[in-house]
Student: 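Attaching a single structure in structure tokens format; questions to follow.
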There are 2 protein chains.
Amino acid sequence: MPRSHFPEIRTLELFQAMQEDHFLSLMRGSYVQNFPPQIELINEGDPSDFLHIVVSGSVDLFSTWNGRETSMATVHPVSTFILAATIKDAPYLMSARTLEKSRIVLVPSQDVRAVFDIDPVFAHAIVAELAQCYRSVVKTTKNLKLRTSLERLANYLLRQQTHAEGAAEFDLAIEKRRLASFLGMTPENLSRAFKGLRAYGVEVEGIKVHISDQQDLERFAKPSSLIDDYST
Amino acid sequence: MPRSHFPEIRTLELFQAMQEDHFLSLMRGSYVQNFPPQIELINEGDPSDFLHIVVSGSVDLFSTWNGRETSMATVHPVSTFILAATIKDAPYLMSARTLEKSRIVLVPSQDVRAVFDIDPVFAHAIVAELAQCYRSVVKTTKNLKLRTSLERLANYLLRQQTHAEGAAEFDLAIEKRRLASFLGMTPENLSRAFKGLRAYGVEVEGIKVHISDQQDLERFAKPSSLIDDYST
DNA sequence: TTCATCTCTTGATATTTATCAGGGCCAGCG
DNA sequence: CGCTGGCCCTGATAAATATCAAGAGATGAA
């Protein structure tokens, strides 16, 4: 794998503080691959041979059961995914597919576990990352169980707005189809939910979202740091 | 804290392999407390001062938002809870209350983090535990998003049956009220769901559940190891 | 015991969400 | 250009789920 990728991977919290030679030995065994859109990288249930890192493009994590499918998360650069399966040497719980042309780094799970065993700093970083992931999914569960679909959408929009530094107008980061699935609803209902939020000053046209009165929307959405703040 | 509790706590995977003196230093700072039923041990949003261990009794982990409440999990002896918050030194995401008279060990979070920093074996165990917790919540999310309430109940019953070593008749481990909340439905609908499962050979009377034809129920429930097997 | 309280159940009804069918719009392609 | 296919929207309808109200049965306290 070309050394040119090392710096940006090294910026990931997971790899930031670890010993240089351990980092290099991880990278030595890894390789980069370019994938076209809509390629299935991982199939849930498969053994977890690699820790994946999205360097460019984006990846959809999704799950299926009994002919149904749901989007669990979208991974943007630069991030890793499926760390837990790698560490546990357990089968993947989610499938992954590229959403666009993407460059993915594949780190053999075996190597990750080996370095994890000998580098306490790396182990520390893995704990931090796993705890973070865990808390994110707990928030997702709370979101699903405590809120209606309209409330989930309202809070999603407020989070996106925060992400856009509070701008009144911003673009949706993912297509509506996938957003619906991510929020646990059908595309048809997402359409109707957008219409339902007009009453709180939300206007949508294509991928453009305009929030005319953030406070009004917040009064309805009642965002909570214990559900919507993914940084803690 | 009395040394008599040490052995059973030591049997927890989290503490099993760690250095004896580290274990003792953790225990030295800890204390045991007996709580009556329905006592709130933790309030979500509070700083995570202690890692909790249920030694006897049982504890309900739940969350609230906007006047609504949902049960996230029930913790039985001997297990820890809210490890992630302890490690991250972040606020609790869930509240906890005793369901019955319970004995709880409280280990100062600070101590846990300190030992975690110096004992690689303990760090290793924490990673394993966190990965496990993470995967459990992912399974919960899949369960919620991919299945109807009837399917969730059917699979819950099959899991309980497995837990009862496949017996055709077994007792519900938690009261129906809480089960409904855990499964993401109302008590009224749980009642109706039980009736709906009669078509697949499920009979319920009080806390007694009888499954007359496990295969028939499985044909309906379609259990999957990637959702229902909490051991991997 | 008796009373009060609580859980559970049931029926009626309302709300939420999904499904089905149709049509508009737009990008990519022959 | 004119297709075609994918996405998105909309309306009608169906299914799933929640709410409300009432009553039966269990439990625990005075």
Side-chain angles (χ1 to χ4, degrees), chain A residues 36-38 60 65-71 74 97 99-101 143-156 171-199 202-209 220-221, chain B residues 36-38 60 62 65-71 74 97 99-101 143-157 171-199 202-209 220-221:
Chain A
Q38 306 299 333
D60 185 37
W65 177 80
N66 194 27
R68 300 168 209 165
E69 175 179 325
T70 191
S71 176
T74 303
R97 74 162 73 94
L99 290 172
E100 44 189 319
K101 199 165 163 299
N143 197 29
L144 280 170
K145 291 183 78 177
L146 291 167
R147 288 174 173 161
T148 66
S149 59
L150 197 59
E151 290 163 344
R152 292 199 293 276
L153 176 60
N155 280 290
Y156 174 85
D171 288 0
L172 290 174
I174 58 177
E175 58 181 343
K176 290 180 184 168
R177 223 176 142 41
R178 191 173 333 284
L179 175 57
S181 178
F182 175 70
L183 293 175
M185 56 207 281
T186 56
E188 292 97 324
N189 271 325
L190 177 63
S191 248
R192 293 179 188 114
F194 272 125
K195 271 167 69 174
L197 289 182
R198 280 193 203 149
V202 176
E203 291 297 330
V204 184
E205 188 162 337
I207 64 165
K208 288 247 174 296
V209 178
F220 169 72
Chain B
Q38 305 300 334
D60 185 38
F62 63 100
W65 177 79
N66 194 26
R68 300 169 207 164
E69 175 179 324
T70 191
S71 176
T74 303
R97 74 163 74 90
L99 290 172
E100 44 190 317
K101 198 164 162 301
N143 197 29
L144 281 170
K145 291 183 77 177
L146 290 167
R147 289 174 173 161
T148 65
S149 59
L150 198 60
E151 290 163 344
R152 292 198 294 275
L153 176 60
N155 280 291
Y156 175 85
L157 293 178
D171 288 0
L172 289 175
I174 58 177
E175 59 181 340
K176 290 179 184 168
R177 220 178 142 43
R178 191 173 332 285
L179 175 57
S181 178
F182 175 69
L183 293 176
M185 55 209 280
T186 57
E188 291 98 325
N189 271 324
L190 177 63
S191 250
R192 294 178 188 117
F194 272 126
K195 273 168 64 174
L197 289 182
R198 279 191 204 151
V202 176
E203 291 296 330
V204 183
E205 188 159 341
I207 63 164
K208 289 247 174 293
V209 178
F220 169 73

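Each chain gets a letter, A, B and so on, in the order the sequences are listed, and its residues count up from 1. Quick note: numbers below take in every heavy atom, side chains included, and nothing from hydrogens, waters or symmetry partners.
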Student: Separation of A:L150 atom CG from D:dT17 atom P, in whole Å?
Tutor: 19 Å
Student: Are B:R152 and B:L144 side-chain neighbours, meaning at least one heavy-atom pair lies under 4.5 Å?
Tutor: yes
Student: How close or far is atom C1' of C:dC6 from atom CD of B:E175, stated in whole angstroms?
Tutor: 10 Å
Student: Decide, yes or no, whether a salt bridge links A:E69 with A:R97 under the criterion of side-chain N to carboxylate O below 4.0 Å.
Tutor: yes
Student: I need the NZ-C1' distance between B:K195 and C:dG11, as an integer number of Å.
Tutor: 9 Å
Student: Would you check if A:T74 and A:F182 make a side-chain contact, meaning some heavy-atom pair closer than 4.5 Å?
Tutor: no
Student: How would you label the contact of A:E188 with the nucleic acid (heavy atoms, under 4.0 Å): base, sugar-phosphate, or nothing?
Tutor: base
Student: Under 4.0 Å from OP1 or OP2 of D:dT17: is there any side-chain N or O of B:S149 that close?
Tutor: yes
Student: Expressed as a whole number of angstroms, how long is the span from B:N189:CG to C:dA12:C1'?
Tutor: 14 Å
Student: Which atom pair, heavy atoms only, marks the closest approach of A:A221 to B:W65?
Tutor: O-CZ2, 3.1 Å
Student: Write down the distance between CZ (A:R192) and P (D:dC9), rounded to a whole number of angstrom.
Tutor: 11 Å
Student: Given atom CD1 of B:I174 and atom P of C:dT7, what is their separation to the nearest angstrom?
Tutor: 14 Å
Student: Taking atom P of C:dT16 as reference, at what distance in whole Å does atom CG of A:L146 sit?
Tutor: 16 Å
Student: Under 4.0 Å between any heavy atoms, over every strand shown, what does B:T186 touch: base, sugar-phosphate, or nothing? Just pick one.
Tutor: base
Student: Separation of A:R177 atom CZ from D:dG6 atom P, in whole Å?
Tutor: 10 Å
